[in-house]
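Let me begin by presenting the structure, written as structure tokens, before commenting on it.
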There are 2 protein chains.
Amino acid sequence: MSAITVLLVDDHLVVRSGLKALLGTQPDIDVVAEAATGEDAMVKAEQHSPAVVVMDLAMGEGMDGIEAIKQLRRRNGKQAVLVFTTYDSDADIVRAVDAGAMGYLLKDAAPEEIFAAVRGAVQGKSVMSAPVASRLFQQLRNPDEVLTPREAELLSLLTVGLSNRELGRRLFISEATVKTHLAHIYAKLGVETRAAAIATAIRREGMR
Amino acid sequence: MSAITVLLVDDHLVVRSGLKALLGTQPDIDVVAEAATGEDAMVKAEQHSPAVVVMDLAMGEGMDGIEAIKQLRRRNGKQAVLVFTTYDSDADIVRAVDAGAMGYLLKDAAPEEIFAAVRGAVQGKSVMSAPVASRLFQQLRNPDEVLTPREAELLSLLTVGLSNRELGRRLFISEATVKTHLAHIYAKLGVETRAAAIATAIRREGMR
DNA sequence: GGCCGGATCAGCCAAAGGGATGAGAGACCG
DNA sequence: CGGTCTCTCATCCCTTTGGCTGATCCGGCC
């Protein structure tokens, strides 16, 4: 039987190299190409039509991982995309799943976990690391804690250090509305001050 | 002639595996051991007495990289420590160099750069990635922008979202003093609000 | 000894932020 | 159609923050 063909996408050579070494130990898995950027990933996917694409989300300049996933799925729905990243931020997970990712692994995952995810992906099975799954699960249980699109937008601007007045100007809404949104955000994040909100946003929500 | 012995320390198996694969291509470099935690690194260093220790700074639970460097240098000054990490935060660089690191590489470094750093380290030569060097250089040019120890301490507490009153209580100083420190910090970071200070602290100074 | 930088504190004032409450417009859904 | 959600705005009130100025103490340093 033929091996599962894999395309690795990660801006760090070391990580690609490590993944290749690990996956190389498995006879039924075959790394056929690598890419360091989202753009490059498109080209390589076209050339090799891999069964599985293992992709990092954070990728320096240019196209980010989420965008890359979307484009891949638009062009060729048959390729299964596995996210392989360092952080388990709520926002990233949701966005990746939304974009069509088949699985979500963290970089400290055990080799067996990675192998299983690759094999599962070609069979349409979705595999995710335990911490990731528990986060998704928690969001399902407490939908009240999920930010609305507008709130998320505001929060992301908040993390660059804008004042309420500036936030209002940026979003074309009154300062009063900004304060209302903020109050809701604070409640959902479980914080009481703007400072704490920024801290949790950058750290937990991965808004960097 | 005998090969340069290397100990790899990184909490991510993939990264260790990648480094091992890369360094393995060089006949004069020999990876003799790996460790996933700072504690483990101490044990392995003791057992193998490697010439060079390649170490990540961020390491999940327990001892962090900086602490590990300090202890290594205290126990056996002959081992050269190379920092190999994802971020080039000002604070981390200074702390690592302070702790006695011989070089500072970023994870997106080219293989040749890594090889050169390892070889240089055994000869007492210090090698660092370009972005890292330029940051250090910039600090030398503008010493006015370097935070004092007390200011850095305050800033790090600031990023968890404390109020001035709380900061004062934590540091056993009056609220007035907190405000003075903050004013200095704002000036040095080039920001005007606490929110922006937190944002830059977490992102640029790497206080996560 | 005089000078300087770091750390500490105080008081004052204007600006910004945060809590509470109420309320209207539009979208979506059963 | 009525309920629910999201987004929008307003007002009142109190707390917190930020800007400014000036001051003391201590440890190095020339």
Side-chain angles (χ1 to χ4, degrees), chain A residues 90-91 94-95 98 139-202 205, chain B residues 90-91 94-95 98 139-202 205:
Chain A
D90 290 340
V94 172
R95 283 166 61 221
D98 243 34
Q139 292 207 340
L140 285 181
R141 263 188 323 204
N142 310 13
D144 288 357
E145 291 175 12
V146 179
L147 299 179
T148 69
R150 194 57 159 170
E151 285 163 359
E153 192 179 1
L154 206 147
L155 180 56
S156 112
L157 282 178
L158 188 66
T159 62
V160 309
L162 301 184
S163 70
N164 289 352
R165 190 189 312 273
E166 292 168 318
L167 288 172
R169 267 205 277 273
R170 290 280 192 103
L171 300 175
F172 306 107
I173 57 180
S174 82
E175 211 176 321
T177 305
V178 171
K179 292 172 92 169
T180 306
H181 283 311
L182 283 182
H184 293 158
I185 293 174
Y186 295 166
K188 289 182 179 180
L189 292 186
V191 301
E192 272 147 20
T193 69
R194 140 181 323 238
I198 295 176
T200 41
I202 297 184
E205 305 291 324
Chain B
D90 290 341
V94 172
R95 284 166 60 220
D98 243 35
Q139 292 207 340
L140 286 181
R141 265 188 323 204
N142 310 14
D144 289 357
E145 292 176 11
V146 179
L147 299 178
T148 68
R150 195 55 159 173
E151 286 163 359
E153 191 179 1
L154 207 147
L155 181 57
S156 109
L157 283 178
L158 189 65
T159 61
V160 309
L162 301 184
S163 70
N164 291 351
R165 192 190 311 274
E166 291 168 321
L167 288 172
R169 267 204 279 270
R170 290 282 190 102
L171 300 175
F172 305 107
I173 58 182
S174 83
E175 211 175 322
T177 306
V178 171
K179 292 173 85 172
T180 307
H181 284 309
L182 282 182
H184 294 159
I185 292 175
Y186 294 166
K188 290 182 180 180
L189 293 187
V191 300
E192 273 147 20
T193 68
R194 134 180 331 233
I198 294 175
T200 42
I202 298 184
E205 304 290 325

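Each chain gets a letter, A, B and so on, in the order its sequence line appears, and its residues count up from 1. Below, each value reflects all heavy atoms present in this structure, side chains not excepted, and no hydrogens, waters or symmetry copies.
Between A/N164 and C/dG17 there is a side-chain N or O to OP1 or OP2 distance below 4.0 Å. At C/dA7, none of the side-chain N or O atoms of B/R150 fall inside 4.0 Å of OP1 or OP2 (strictly under the cut-off). A sub-4.0 Å separation between OP1 or OP2 of D/dA10 and a side-chain N or O of A/S174 is present.
The distance between atom CD of A/E151 and atom P of D/dC5, rounded to the nearest whole Å, is 13 Å. Distance, B/L155 CG to C/dA7 C1': 17 Å, rounded to whole Å. In this structure, B/L167 places its CG atom 16 Å from C1' of C/dC9, rounding to the nearest Å. What separates CZ of A/R170 from C1' of D/dC7 is a distance of 20 Å, to the nearest Å. Atoms CD1 (B/I185) and C1' (D/dG19) sit 16 Å apart, rounded to a whole Å. Distance CG (A/L158) to C1' (C/dG17): 11 Å, rounded to an integer number of Å. Note: CG (B/L154) to P (C/dG6) measures 15 Å, nearest angstrom. One atom, NZ of A/K188, and another, P of D/dC5, lie 11 Å apart when rounded to the nearest Å.
The base of D/dC9 sits within donor-acceptor range of the side chain of A/T180, with an N or O pair under 3.5 Å.
Side-chain contact of B/S174 with B/T177: a donor-acceptor pair under 3.5 Å is present, judged by distance alone.
Within 4.0 Å (heavy atoms only), A/T177 reaches at least one base atom of the nucleic acid. A/H181 comes within 4.0 angstrom of a base, heavy atoms only. Nucleic acid contact for B/T148: sugar-phosphate only, since backbone atoms but no base atoms lie under 4.0 Å from a heavy atom of the residue.
Residues B/L157 and B/L171 meet the side-chain proximity criterion, which asks for heavy atoms closer than 4.5 Å.
A residue-by-residue look at A/A183 and B/V178 shows that B/V178 has its nearest nucleotide of DNA chain C further toward the 5' end. For the pair A/K179 and B/S163, nearest-nucleotide mapping onto DNA chain D gives the more 5' position to A/K179. Comparing A/R165 and A/E192 by the nucleotide of DNA chain C that holds the closest heavy atom to each, the one mapping nearer the 5' end is A/R165.
Between A/R169 and A/E166 no salt bridge is recorded (no basic side-chain N to carboxylate O distance below 4.0 Å).
Candidate nucleotides C/dG17, D/dG19, D/dA10 were compared by shortest atom distance to the side chain of A/A176, and D/dA10 ranks first.
Shown here for A/I185 and A/E151, the closest heavy-atom pair between the two residues is CD1-O, 3.4 Å. Minimum interatomic distance between A/A195 and B/I198 (heavy atoms only, all atoms of both residues): CB-CD1, 3.3 Å.
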